[in-house]
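Quick note on labels: first sequence line is chain A, next is B, and so on, each numbered from 1.
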Amino acid sequence: MPQAVRPKSDFLAVLAERGFLHQCSDLAGLDAKAKSGELVGYIGFDCTAPSLHVGSLIQIMMLRWLQKTGCKPVALIGGGTTRVGDPSGKDESRKLLSEETIAANKAGIQQTFAKFLRFGAGKTDAIMPDNAEWLSGLRYIDFLREVGRHFSVNRMLTMDSVKLRLDRDQELSFLEFNYMCLQAYDFVELHKRHGVVLQMGGSDQWGNIITGIDLGRRRGTAQLYGLTSPLLATASGAKMGKTAQGAVWLDAKLLSIYDYWQYWRNVEDADVGRFLKLFTELPLAEIARLDALRDSEINEAKKILASEATALLHGRAAAEQAAETARRTFEEGALAETLPSVNVPRHELAAGIGALTAFVRAGLVGSTGEARRQIKGGGLKVNDATLDNERATLTEANLIEGCIKLSLGKKRHVLLKPEG
RNA sequence: GGGGGAGUGUCCCGAGCGGCAAAGGGGGCGGACUGUAAAUCCGCUGGCUAUGCCUUCGUAGGUUCGAGUCCUACCUCCCCCA
């Protein structure tokens, strides 16, 4: 992106040097606004899942920096827009979610924001409105006359979110077609209610954001600004946030803190520097030093990345415990009692549990069939000994220090602990 | 409204003379090599109380010893004409 001079405001300076900036509707104008200390910016999050995942982390970090540089962040919960579904960047329509699901998802997502932002009533305290507040009560004809007349269908058809679907002959329902109108309306409404003048988002949100700025101009509100972050992919091109086990959730109930730490520990070499800048708050000089490490030395940088990123989400103590668990497990080959664990009733263990069943229970494999296959491939271990007999039974005799260590491959470990 | 085409292994794409648990990719998982990396090579990639049983090819029926494959109706989508 064009960037002749270094931004004068702390906010944009940080975003620029840490790699958050992709596009901006008016960099100079926004810079002046941020410099004045009156900047209120928002990012919208739909409640399509019970928790946010790593893919949203870059957005959350932008809000965090906004607050840290003296501005006011608004985390908009899309309780209303989730009922419509954003077609941006998606090949197919999403399944419609029920009201109950949306409400439950919303509750889960709200908890995550509390870890990154300071909420309250102060000038730079974060707030978390829900667009259902103003979208649910909209009346169709009124909305069309007051807002709809400002939208040009000609223009909407040229938006990537719409155009890509049409070009590929993929269905785009009228419901989804309206999404950008609602998002645009959100922007203007947030300006009215909370003085928001900036909307941020991933690069796939550019069209929706611009539409909002446009609507603001046509309706005579103050100048609005848009800013997007680059679409994040790993160095080898995969989308961030998905692994075979599923998404990398930010909620510890869905992904253990240890597994979260491991996710960052296992990033590709080529991503380390970029991720340190985006997902930690270490000084840039320190990051430059870490990024310069090569070969096996870069593992030190990965550990720091893992601990710093985990600390931001789950706290310093939990991050250090995850680091220690990993150190004992990988570097000493010792049994770390703090590995993720699954409980089994003591009487079941006394009677003997089939090894296949045990691995399924531990969640390491999806079925006994898969367990059998992994055994053939030498992928399962019990207490670090490769399991070669699918009829093996686990009993209390297998307990070491009160638990049984089950492993899939070299990296995934779960402790089976007797209870009761 | 008329004509033509398509829906395949619940991750995706895609072959499939009536004997099919169904070719081939991609992705993913495991093994080897490494540094808990990348690249490369190899194996696996429906379920189960497992030398057998059960469930899968848009839905519901039918023909057949046997149907993803043939017939009928229906659903969904795409293209052309009006």
Rounded to whole angstrom, note down the [atom1] distance from [N] over to [M].
| N | M | atom1 | value |
| --- | --- | --- | --- |
| B:rA15 | B:rC20 | C1' | 13 Å |
| B:rC44 | B:rA21 | C1' | 15 Å |
| B:rA6 | B:rU56 | P | 24 Å |
| B:rC80 | B:rC74 | C1' | 24 Å |
| B:rU64 | B:rC79 | P | 40 Å |
| B:rG28 | B:rC78 | C1' | 31 Å |
| B:rC70 | B:rG24 | C1' | 26 Å |
| B:rC33 | B:rG27 | P | 23 Å |

Counting only side-chain heavy atoms from C-beta out, which of [options] sits nearest to [X]?
| X | options | value |
| --- | --- | --- |
| A:Asn299 | B:rC48, B:rG35, B:rA37 | B:rG35 |
| A:Lys302 | B:rC44, B:rU49, B:rG35 | B:rG35 |
| A:Leu408 | B:rA37, B:rC29, B:rG47 | B:rC29 |
| A:Glu268 | B:rG30, B:rA50, B:rA37 | B:rA37 |
| A:Gln374 | B:rG35, B:rU36, B:rG30 | B:rG30 |
| A:Asp269 | B:rG35, B:rU36, B:rU49 | B:rG35 |
| A:Arg373 | B:rG35, B:rG47, B:rG31 | B:rG47 |

Rounded interatomic separation in angstrom, taking [atom1] from [X] and [atom2] from [N]:
| X | N | atom1 | atom2 | value |
| --- | --- | --- | --- | --- |
| A:Arg274 | B:rA37 | CZ | C1' | 15 Å |
| A:Glu390 | B:rG47 | CD | P | 14 Å |
| A:Asp259 | B:rU36 | CG | P | 18 Å |
| A:Phe330 | B:rG35 | CZ | C1' | 12 Å |
| A:Arg372 | B:rC44 | CZ | P | 17 Å |
| A:Lys411 | B:rG31 | NZ | C1' | 14 Å |
| A:Glu370 | B:rU45 | CD | P | 11 Å |
| A:Leu305 | B:rG35 | CG | P | 21 Å |

With a non-hydrogen cut-off below 4.0 angstrom, is [X] in contact with a base, only sugar-phosphate, or nothing?
| X | value |
| --- | --- |
| A:Glu297 | nothing |
| A:Val267 | sugar-phosphate |
| A:Ala326 | base |
| A:Arg265 | base |
| A:Ile298 | base |

According to the Watson-Crick and G-U wobble definitions, with both distances under 3.5 Å, which nucleotide is paired to [N]?
| N | result |
| --- | --- |
| B:rC17 | none |
| B:rG52 | B:rC48 |
| B:rG7 | B:rC75 |
| B:rC70 | B:rG62 |
| B:rU40 | B:rA32 |

For this session: Determine: side-chain N/O of A:Ser367 to OP1/OP2 of B:rC48, distance under 4.0 Å, yes or no.
Result: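 True: A:Ser367 side-chain N/O within range (under 4.0 Å) of B:rC48 OP1/OP2.
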
Problem set entry | Nearest non-hydrogen partners of A:Leu313 and A:Leu250, listed with the distance |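 Heavy atoms of A:Leu313 and A:Leu250 come nearest at CD2-O, 3.4 Å.
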
For this session: Using the salt bridge (charged side-chain N to carboxylate O under 4.0 Å, His left out) rule, collect all pairs that involve residues 295-306 of chain A, keeping only residues at least two apart or in two chains.
Result: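 Non-adjacent pairs meeting salt bridge (charged side-chain N to carboxylate O under 4.0 Å, His left out): A:Asp269-A:Lys302, A:Glu300-A:Lys303, A:Lys303-A:Glu331.
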
Exercise. Toward the 5' end of RNA chain B, which comes first, A:Thr368 or A:Asn266, by nearest nucleotide?
Worked result: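 Its nucleotide being nearer the 5' end, the pick is A:Asn266.
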
Exercise. Hey, are A:Glu370 and A:Arg373 close enough for a salt bridge, meaning a charged N less than 4.0 Å from a carboxylate O?
Worked result: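 No, no charged N to carboxylate O under 4.0 Å.
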
Exercise. Any salt bridge between A:Lys381 and A:Asp384, counting N to O under 4.0 Å?
Worked result: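 No, no charged N to carboxylate O under 4.0 Å.
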
For this session: Would you mind calling B:rC20 syn or anti? Take O4'-C1'-N9-C4 for purines or O4'-C1'-N1-C2 for pyrimidines, and syn is within 90° of 0.
Result: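 In terms of base orientation relative to the sugar, B:rC20 is syn.
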
For this session: Check whether any side-chain N or O of A:Thr82 sits under 3.5 Å from a backbone N or O of A:Cys47 as a donor-acceptor pair, and report yes or no.
Result: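 Yes; judged by distance alone, with no hydrogens or angles, the pair exists.
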
Exercise. Using the ring of each side chain (for Trp, its six-membered ring), is A:Phe330 parallel, tilted or perpendicular to A:His413, with breaks at 30° and 60°?
Worked result: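 Aromatic pair A:Phe330/A:His413 classed perpendicular.
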
If you look only at distance, which donor and acceptor atoms sit under 3.5 Å apart when one is on a side chain in residues 62-80 of chain A and the other is two or more places apart or in another chain?
unit_1	atom_1	unit_2	atom_2	d
A:Arg64	NE	A:Glu281	OE2	2.4
A:Arg64	NH1	A:Phe116	O	3.0
A:Arg64	NH2	A:Glu281	OE1	3.1
A:Arg64	NH2	A:Glu281	OE2	3.4
A:Gln67	OE1	A:Arg118	N	2.9
A:Gln67	NE2	A:Arg118	O	2.9
A:Gln67	NE2	A:Thr124	O	2.8
A:Lys68	NZ	A:Glu281	OE1	3.2
A:Thr69	OG1	A:Trp65	O	2.8
A:Thr69	OG1	A:Leu66	O	3.2
A:Lys72	NZ	A:Gly122	O	3.2
A:Lys72	NZ	A:Asp125	O	2.8

For this session: State whether the number of non-hydrogen atoms from other residues, nucleotides or ligands found under 6.0 Å of A:Arg155 atom CZ is greater than 12.
Result: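 No.
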
For this session: Please confirm whether any donor atom in the side chain of A:Lys410 sits under 3.5 Å from an acceptor in the base of B:rU34, or the reverse.
Result: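 Indeed there is one.
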
